[in-house]
Amino acid sequence: MLKPQTWVLRLGHRFVRDDRLTTHVGLVARAFGASGIYIVGGEAFVKASIDKVTETWGGPFTVELVEDWRTLIRSWKNKDGLVVHLTMYGVPVDEVIDEIRSANKELLIVVGAEKVPKEIFHEADYNVAIGNQPHSEAAALAVFLDRLYRGEEFKKSFNHSKLRIMPSSRGKKVVSLKEEEDSGEK
Ligand code: SAM
């Protein structure tokens, strides 16, 4: 298991407008080694589309729709977890990533959509910038997780997947694990 374990808190999801991007934040979180995502104000079908990917490509990866981020952050701190807020106004990732990794505490990584409430900047243990230019929550999350796990996230094995990709220099090679079982391969 990757250490420290991470969960993502997606704030500020805007009805309809952010459906695709919030889904992408969830998919990035899963593919880059996080254990789950909490989505504030997200719709059930956003959760369903991330869950569907986990069902096909493996997990575990949890998706929870939450109403109240304050309660979540409070409980995270009460259990001695760390809250890391990704923002272009924060301190450069390379200045703090070793300290964050070596604390070895469960991390809640907060990403916004539009404007994040000021309170988050104070509640967070770390406000971390992935460069000091505006870009995207999906990109910021991917870079942060990759720096945290130093590339080890791509060696993670996903359990109970239905499909697996056989890396190939040309074309698409996808193995159905059901077929593997049927032919006695493992
Ligand atoms: N003004 C925002 C900010 O505070 O970063 C930019 C809004 S951006 C559309 C949405 C989210 O992407 C932000 O809430 C933040 O989590 C993430 N983000 C964008 N650029 C970032 C950067 N350079 N470093 C870290 N996170 C960033």
Side-chain angles (χ1 to χ4, degrees), residues 2-47 49-50 53 61-77 81-154:
L2 290 167
K3 287 275 171 111
Q5 260 191 292
T6 49
W7 282 262
V8 173
L9 169 58
R10 188 341 180 221
L11 286 184
H13 172 89
R14 290 162 293 181
F15 187 66
V16 182
R17 188 173 161 179
D18 281 327
D19 291 346
R20 202 168 144 76
L21 189 46
T22 298
T23 304
H24 284 187
V25 169
L27 297 184
V28 166
R30 174 185 166 279
F32 283 73
S35 299
I37 184 169
Y38 299 95
I39 303 171
V40 179
E43 297 115 273
F45 79 88
V46 172
K47 168 176 163 51
S49 55
I50 304 169
V53 170
F61 185 78
T62 59
V63 182
E64 211 177 303
L65 303 179
V66 293
E67 295 293 324
D68 180 8
W69 56 265
R70 284 184 185 85
T71 309
L72 178 64
I73 287 185
R74 213 169 298 133
S75 70
W76 209 268
K77 294 182 132 194
L82 280 184
V83 177
V84 174
H85 171 217
L86 300 184
T87 168
M88 65 195 241
Y89 303 104
V91 296
V93 61
D94 289 338
E95 286 182 14
V96 287
I97 198 72
D98 290 341
E99 188 178 304
I100 292 173
R101 190 188 307 106
S102 57
N104 202 18
K105 293 183 174 181
E106 292 190 348
L107 294 190
L108 184 65
I109 305 165
V110 184
V111 294
E114 217 176 15
K115 230 180 172 190
V116 167
K118 259 198 188 141
E119 210 179 323
I120 294 285
F121 286 80
H122 298 289
E123 287 293 331
D125 298 292
Y126 294 91
N127 289 291
V128 176
I130 309 297
N132 295 110
Q133 299 295 324
H135 46 81
S136 145
E137 46 274 51
L141 180 62
V143 171
F144 179 82
L145 287 170
D146 189 57
R147 294 280 163 96
L148 181 73
Y149 293 133
R150 295 183 278 206
E152 290 297 308
E153 71 276 15
F154 299 130

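Both ligands and their constituent atoms are indexed starting at 1 by order of listing. Note: hydrogens, waters and symmetry copies are ignored here, and every other heavy atom, side chains too, is used.
Close approach to Ala113 involves these atoms of ligand 1, each under 4.0 Å from a residue heavy atom: 7 (C), 8 (S), 9 (C), 10 (C). Within ligand 1, the atoms closer than 4.0 Å to a non-hydrogen atom of Val111 are 16 (O), numbered from 1 in the order shown. Remark: ligand 1 atoms within the under-4.0 Å shell around heavy atoms of Gly131 are 22 (C), 23 (N), 24 (N). Ligand-side atoms of ligand 1 in range of Ser136: 12 (O), 19 (C), range being under 4.0 angstrom from any heavy atom.
Counting only distance, with no hydrogens or angles, the side chain of Tyr149 and the backbone of Pro4 share a donor-acceptor pair below 3.5 Å.
Contacts between Val116 and ligand 1 below 4.0 angstrom, taking non-hydrogen atoms only, involve the side chain exclusively. With a 4.0 Å heavy-atom cut-off, ligand 1 is reached by the backbone of Gln133 but not by any atom from C-beta on.
Val8 places none of its side-chain heavy atoms less than 4.5 Å from the side chain of Val28. With a 4.5 Å cut-off on side-chain heavy atoms, Leu107 and Leu148 count as touching. At a threshold of 4.5 Å between non-hydrogen side-chain atoms, the residues Glu64 and Trp7 do not count as touching.
Using 4.0 Å as the threshold, Val128 has a heavy atom nearer than that to some atom of ligand 1.
Checked for salt-bridge contact, Glu123 and Lys77 meet the test: a charged N lies under 4.0 Å from a carboxylate O.
The minimum heavy-atom distance linking Ala113 with Glu137 is given by the pair CA-OE2, 3.5 Å.
Scanning all protein heavy atoms for the shortest distance to atom 20 (N) of ligand 1 gives His135 N, 3.1 Å.
In this pair, Phe121 and Tyr89 present their aromatic rings tilted. The plane angle is within the 30 to 60° band.
Taking any N or O of Gly112, backbone or side chain, at least one lies under 3.5 Å from an N or O belonging to ligand 1.
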